[in-house]
Amino acid sequence: MNKDLLSLHTLSCEDIYEILDLADKLKAEHKAGIEHHILKGKTLGMIFAKSSTRTRVSFEVGMSQLGGHALFLSCNDIQLGRGETIYDTAKVLSRFLDGIMIRTFSQEDVEELAKHASIPVINGLTDLLHPCQVLADLQTIREYKGTLKGLKMCYIGDGNNMTNTLIQGAAKVGMDISCASPKGYTCDMNVVMEAEKDAIAMGSKIELTTDPEIAIKDADIIYTDTWVSMGQEEEKAKRIKDFEGFEITPQLMKKAKSDAIFMHCLPVYRGYEASSEVVDGPQSVIFDEAENRLHAQKAVLVKLMGNK
Ligand code: CP
Ligand code: NVA
């Protein structure tokens, strides 16, 4: 593994399976009441320039279950938010902490922080990517389907940080992925071009379309996300109009495989990207998916911050 977790693209397929296997083990042991204080005495700083429920709580709880400590650092409070450089922040925090998790806007800022920090940096979401979420998603899919390679995932909605990362993750493990977004809302084409190489090596396909019915055909996993990501609040009215026809309804779900699962990174807006019958229906695995943030991230923390 590299020093940092900034993107799934820079992990190998083996790295991903090592994280998932460790996540499964830590989950099973936690449920059995066995805890490992692998990170005793270690501190993770958590920089947030955007809101969070799952990421903040799961990292903080994960660190405490591993015997360490997590520090919440809001950009409203730390000097980074007032113009202190990323370089100086990286250098100073490296003297106090054992790892940094950061949620912010620009992927480049996260890369720069990692470049100058001597400690591991974990991407807790940028406008481009959300790798921790997709590791938890892959763990969840494997729990339900027993495998990853050879499945078909369908993503319907905004081509955003989730779409980009799901494409990266699917390509790494050899899962087909078909993404349907309205014209003008497709995912990042650089991400697709990079992931295409992994997909070819694994014998899987990446398909981009504007037709949800094409994307969902024969899908094992149906995934969606909000139409209005953090930072896009001013575009809300236009987006709701532009995404008409992209809501995941029970009728649309019927076009997937009958045993398909419904996933969403949350927070979900019922009646927009998916109807409440789907979100709260029998195929939905959204809360298992949310729980797995804890287990998958504990595995990442152990891999990056545990004694080598
Ligand atoms: N899915 C996710 O990252 O949730 P939060 O924004 O609540 O952290
Ligand atoms: N696409 C969403 C994901 C939230 C976890 C956002 O960036 O706001």
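Atoms within each ligand, like the ligands themselves, are counted from 1 in listed order. Please read these numbers as outputs of a predicted model, since none were measured by experiment. Below, all heavy atoms of this structure are taken into account, side chains as well, without hydrogens, waters or symmetry copies. If you read the sequence from its start, that first residue is 1, and numbering goes on from there.
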Can Arg293 be said to touch ligand 1, with heavy atoms closer than 4.0 Å? yes
For Cys13 and Met202, work out which heavy atoms get closest and say how close. SG-CE, 4.2 Å
Taking only heavy atoms of Leu266 into account, list the atoms of ligand 1 that are under 4.0 Å away from them. 1 (N), 2 (C), 4 (O)
Cys265 N/O under 3.5 Å from ligand 1 N/O: yes
Mind checking who shares a hydrophobic cluster with Tyr185, ILVMFWY linked at side-chain heavy-atom distances under 4.5 Å? Ile156, Ile216, Ile222, Trp227, Val228, Ile240, Phe243, Phe246, Ile248, Leu252, Met253, Phe262, Leu266, Val268, Tyr269, Tyr272, Val278, Val279, Ile286, Phe287
Does any N or O in the side chain of Thr55 come within less than 3.5 Å of the main-chain N or O of Ser52, such that one atom is a donor and the other an acceptor? no
Around atom NZ of Lys236, are there more than 12 heavy atoms of other residues, nucleotides or ligands at under 6.0 Å? no
For atom 6 (C) of ligand 2, grab the closest protein heavy atom and report residue, atom and distance to one decimal in Å. Ser229 OG, 3.3 Å
Could you check atom 7 (O) of ligand 2 against the protein and tell me its nearest heavy-atom contact, residue, atom and distance included? Asn161 ND2, 2.8 Å
Test your reading of the structure: does Thr55 have an N or O sitting under 3.5 Å from an N or O of ligand 1? yes
Can you pull out the closest protein heavy atom to atom 3 (C) of ligand 2? Residue, atom name and distance to 0.1 Å, please. Asp225 OD2, 3.6 Å
Leu266 and ligand 2 - part of the residue with a heavy-atom distance under 4.0 Å: backbone
Contacting atoms of ligand 1, where contact means under 4.0 angstrom from a heavy atom of His130: 2 (C), 3 (O)
Without hydrogens or angle criteria, can the side chains of Thr140 and Asn292 be said to hold a donor-acceptor pair below 3.5 Å? yes
Taking heavy atoms and a distance under 4.0 Å, where does Leu125 meet ligand 2: side chain, backbone, both or neither? side chain
Does Arg103 have a non-hydrogen atom less than 4.0 Å from ligand 1? yes
Could you list which atoms of ligand 2 come closer than 4.0 Å to a heavy atom of Asn160? 1 (N)
Nearest non-hydrogen protein atom to atom 8 (O) of ligand 2, with distance, is Met230 N, 2.8 Å
Among Ile, Leu, Val, Met, Phe, Trp and Tyr joined by side-chain contacts under 4.5 Å, find the other residues sharing a cluster with Leu128 and list them by chain and number. Leu129, Val191
Would you say the side chains of Glu273 and His264 form a donor-acceptor pair under 3.5 Å? yes
When every non-hydrogen atom of Asn161 is compared with those of Asp127, the smallest separation belongs to CB-O, 3.4 Å
For ligand 1, which atoms sit closer than 4.0 Å to a heavy atom of Thr53? 5 (P), 7 (O), 8 (O)
Check the surroundings of atom NZ in Lys50: do more than 12 heavy atoms from other residues, nucleotides or ligands lie under 6.0 Å from it? yes
Exercise: do Tyr223 and Glu289 side chains pair donor with acceptor under 3.5 Å: yes
Could you identify the single nearest non-hydrogen protein atom to atom 4 (O) of ligand 1 and state the distance to 0.1 Å? Arg54 NE, 2.8 Å
